[in-house]
Every structure is written in C-alpha cells, then in structure tokens.
Amino acid sequence: MCFFYSVKKEKSEELVINNLITQHQLSLIEDVYFANGFSHLKMPVLLRENNENYLKYYSWGLIPGFCKTESEAERFRNMNLNARSETIFEKKSFENAAKKMRCLVLCSGFFEFYDGGGKKYPFFISLKNNGLFVFAGIWDSWINRVSGETVHTFSILTQETNSLIGALHKKHRMPVFLNFDDAQKYINPETSQSKIIEITNKRIEFEKLKAQSIARFNPKMSEQNNVEKISAFYSYPELSQYFRYDKDFNDEIRSSLLY
DNA sequence: CCAGACGTTGTT
DNA sequence: GTCTGG
DNA sequence: CCAGACGTTGTT
DNA sequence: GTCTGG
C-alpha cells in the first residue's frame, strides 16, 4: 500500500543533477511530513510538456474525467489513491491518463505497518541516502459541473513488493520506484506503451531502501501528524523476537531494517 | 441494445 | 467517455 | 482493514 | 455470512 507519505526536499540535489527538476523548482517545494491520502492534499508532482518538466501541485486521489457528480468524484478519489501498474492501460478510470498524462510523484519516504503479535508497528521507508525519490504516477483533470472549477488529481502506481517491503508488511503491494533515467522516459509523452510497461515492471533493489520503526501515531489525525518528528526512529525491543523467527527476514534484509 | 460500472487496499 | 454484462 | 448494513412498496 | 463504505 501507499496511503501515507512525506516530502522533504533536503538532500535532493540528485534530482537537479539529473535534470528532473530545476534548482528553482526544488526551492518552491514545501515540506510535508505526513500526507494522509484520504485528506486529498495537494502534493508536488512533475509532468512533461513541450520538452520541459513542470512542477505542479495536484490533489492526491485520481478523479477520472468522466465523473459527473461531486459524490461520484468523491468515491473515485478515495479508491484511486493507488493504481495497479499491471492494468493501467486496461482500466477505464486510468487508460486515458496512462497514455497521455503520466507524472512523477516526489517522495522522501512512506509509512507501512508491521503486524507483530497482533500489534501494529509503524515503519518509515526511505532511501538510505535520505534523498527525495520519485514514484511513477498518473494524473487527470475533472471539471465540477456545479462550480465550474477544474480539479487536477493524481494516483501513485503500485506493483508487487520487493523482499524488504514484502517481508515487512506482507501486503504484497508497494509504489513503483523509478531511477532517474527511467523517470525522464516515463514522463515523456512520446515514450511507447511497451516501454512504459517495461519501466514499471522493474523493481527497486531493496539495498537502496531502509525501513525504520517509528513511534505510534493515529493516521487519522492529519494535522497533528504533520510534524518532522513523526518519521524519527523509535525503538521497539520486542520487535526483534518477531523478526528473528520470521523466515522471510534473511540477514541482508535485516540489515536494511532499524527497530 | 441499454444500463451500469468505471477501483484500491488501510492505521490509533 | 467507453467498456461490460444481461 | 474494520464497522455497519443487511429493505420494501407504488403510480402514466 | 458477506458486501459496502470510509
């Protein structure tokens, strides 16, 4: 899953060096320490038009352009926080966006919950170099027929989990992470559908990621959670007992985990 | 042909 | 808007 | 994932 | 028991 994530722009020079974003655009990004998908916050995304990358703030939760009423749009934006990468070119809600409206979702880390003995332990998953990384996304625009307002929205693509995240929460789905080279190709509208499928089928090496346990919090309290310390390391000594006996946690994966 | 769907995966 | 199911 | 619902009738 | 909504 990916329903909660954060954006911290520090240590993100690599994005500038790789020409995904300009130094000026990077400076415009505001830190968000906790975005709850169901709050549909406006978050920074990068899209490409006329051979240039644009930084936009779009609302998380894709509303397909064909929606007629506000209540219909509400239902869609709640279920379309994520889109399964395997089927974006087939699903009516995503087909149009997948072909012509792809974007990169900037993210410094996201939140997962490990179930240990029936208790939930929150983890923050980020890059070992603490940089900002990019997810594959799609966007759409929807016109509210009552107010006339145009709403721009996006969804984060998901794929099968890699070993680190799969062993951590056993939910089988994680965001599609892109390397910088693929990221440029991904948002280029000229890139072929088969190339997009090839790119989104790749999976990040788990060695690049780290997962650290953090203090418990109530995900519903969006405002209260939006503080930097939400992703600070918090130790749960009892966690080692679960991980030690979990056959999915080999030594290499365990070295990427902090708990 | 028309009516109805159109989608993902989750916490204190 | 466009596909699916009846 | 958990909480809450879970249904019917009638007319040109 | 099983689907729906959040």
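Reminder, nothing fancy here: chain letters follow the sequence lines and each chain counts from 1. Source: prediction; values computed, not measured.
- The nearest whole Å value for the distance from the CD atom in Glu90(A) to the C1' atom in dA5(B) is 16 Å.
- In this structure, of dG7(B), dT8(B), dC6(B), it is dC6(B) that holds the atom nearest to the side chain of Glu72(A).
- A gap of 13 Å separates the C1' atoms of dC2(D) and dT12(B), to the nearest Å.
- Here dT11(B) is the nucleotide among dT8(B), dG7(B), dT11(B) with the atom lying nearest to any side-chain atom of Phe4(A).
- Between Thr158(A) and dT9(B) there is a side-chain N or O to OP1 or OP2 distance below 4.0 Å.
- Chain A approaches DNA chain C over the interval dG1(C) to dC3(C), counting the first and last nucleotide 5' to 3' with an atom under 4.0 Å from its heavy atoms.
- For Lys120(A), a side-chain nitrogen or oxygen approaches OP1 or OP2 of dT11(B) to under 4.0 Å.
- Here, dG6(C) and dT4(E) have their P atoms 15 Å apart, quoted to the whole Å.
- Using a 4.0 Å heavy-atom cutoff across all strands shown, Phe76(A) reaches at least one base atom of the nucleic acid.
- Other residues, nucleotides and ligands contribute at most 12 non-hydrogen atoms within 6.0 Å of the CD atom of Glu30(A).
- For the pair Arg77(A) and dT8(B), the criterion of a side-chain N or O lying under 4.0 Å from OP1 or OP2 is not met.
- The aromatic rings of Phe177(A) and Phe110(A) sit tilted, their planes meeting at an angle between 30° and 60°.
- Picking from dT12(B), dT9(B), dG7(B) the nucleotide with the shortest atom distance to the side chain of Phe3(A) gives dT9(B).
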For DNA chain B, produce a single dot-bracket line, 5' to 3'. Pairs: Watson-Crick or G-U wobble, both distances under 3.5 Å. Symbols: ( ) within strand, [ ] crossing, | other strand, . unpaired. ||||||......

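- A gap of 23 Å separates the P atoms of dG1(E) and dT11(B), to the nearest Å.
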